Amino acid sequence: MEVFTSVKSLRIFLDQQLSHQKTIGLIPTMGALHEGHISLIDASVKENDITVCSIFVNPVQFNNPEDLLKYPRTLEADCQMLEKAGCDAVFAPSVEEMYPEPPLLTMNFGALENVMEGASRPGHFNGVGIVVSRLFNIARPHHAYFGQKDLQQVSVIKRLITDLAFDLKLVVCPTVRETDGLAMSSRNRRLNDEERNTAPYIYQILSAAKEELLRGRDIWEVTAAAQGRFAAIGSFTLDYLEVVDIKTLQPIQELGPEGSNAICVATFLGPVRLIDNLIF
Ligand code: PAF
């Protein structure tokens, strides 16, 4: 596995691969890798000749300077995991390499970003759109892999690909969970022992709410009851809990056909902000 820190050296490597008609899979990440990321690498290794993983903590998508500062950075351990998983190339640029000049462009995804993560983290999807576009232009992948845990990010990137005519296929992989149901996330390593023991309630409450909805209980009643359960546990500070249409991401009053609904949550547990969702 080769590690590239400059755009130029990665491009030279990928030009060679493309000239031999090799297919390229790209997994954009911010590092602090876990089994969820490795499931994306596995999918890419199966489907492409060359798998590239980018590791870049993108300052443009953070609206909270403390969150950016505290974001775990574990490049050496990440590279070991990637090599073991059969990744061919890592792209780990510095901020100056990725942004020789601060971007002037701003991206606005309209109604797709006026809810949930976009509403709580103004400018977040502008930063995601900019960095993902740069990565697509640098790596020119045939396939790009993202996790369903970031449901809204997936919708925004789908739209980015359509609007800017990126010639690639987006592959969305299921959320990978710990045995107790907690969705894997780089942020989980910032939880202390007590918070880590409490964190699986997120999945439990979401799953119970989903079952109630499937039994036909009113959406408003179910979300209010789930919010009450989070409040009763005490250590959670809920940001949002919404039942949405997975295409528009807008809250719904009645369930749509199977597979078109999602229950989404973002909550602070101590200082750590966690998100999760279930599609049904
Ligand atoms: O999901 C992430 O880790 C980031 O938002 C991404 C897609 C790598 C862009 O920085």
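The first residue of the sequence shown is numbered 1, and numbering continues consecutively from there. Since we're looking at a predicted model, the values are computed, not measured. Counting starts at 1 for both ligands and their atoms, following the listed order.
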Q) Looking just at side-chain N and O atoms, do E194 and N197 make a donor-acceptor pair shorter than 3.5 Å? A) no
Q: State whether K169 and E47 are salt-bridged, where the test is any N-O pair (Lys NZ or Arg NE/NH1/NH2 against Asp/Glu carboxylate O) under 4.0 Å.
A: no
Q. Does T29, backbone or side chain, put an N or O under 3.5 Å from an N or O of ligand 1?
A. no
**Q.** Numbered atoms and elements of ligand 1 in range of P28, under 4.0 angstrom, heavy atoms
**A.** 8 (C)
Q: Considering heavy atoms of the protein only, find what lies nearest to atom 3 (O) of ligand 1 and give residue, atom and distance to 0.1 Å.
A: M30 CG, 3.6 Å
Q) Is there a donor in the side chain of Y99 and an acceptor in the side chain of N58, or the other way round, less than 3.5 Å apart? A) yes
Q | Contact atoms of ligand 1, heavy-atom distance to V131 under 4.0 Å | A | 9 (C), 10 (O)
Q. Is I157 touching ligand 1 with its side chain, its backbone, both, or neither, if touching means heavy atoms under 4.0 Å apart?
A. neither
Q. Nearest heavy atom to atom 4 (C) of ligand 1: which of M98, H124, Q61 does it belong to?
A. Q61
Q | Atom indices of ligand 1 within 4.0 angstrom of Q153 heavy atoms, with elements | A | 1 (O), 2 (C), 4 (C), 5 (O), 7 (C)
Q: Verify the cluster assignment for Y145 and M1: are they in a single hydrophobic cluster under the rule of side-chain heavy atoms below 4.5 Å apart?
A: yes
Q) Between R121 and D239, is there a side-chain N and carboxylate O pair less than 4.0 Å apart? A) no
Q: Classify the angle between the aromatic ring planes of F166 and F136 as parallel (below 30°), tilted (30 to 60°) or perpendicular (above 60°).
A: perpendicular
Q) For ligand 1, which atoms sit closer than 4.0 Å to a heavy atom of F146? A) 7 (C)
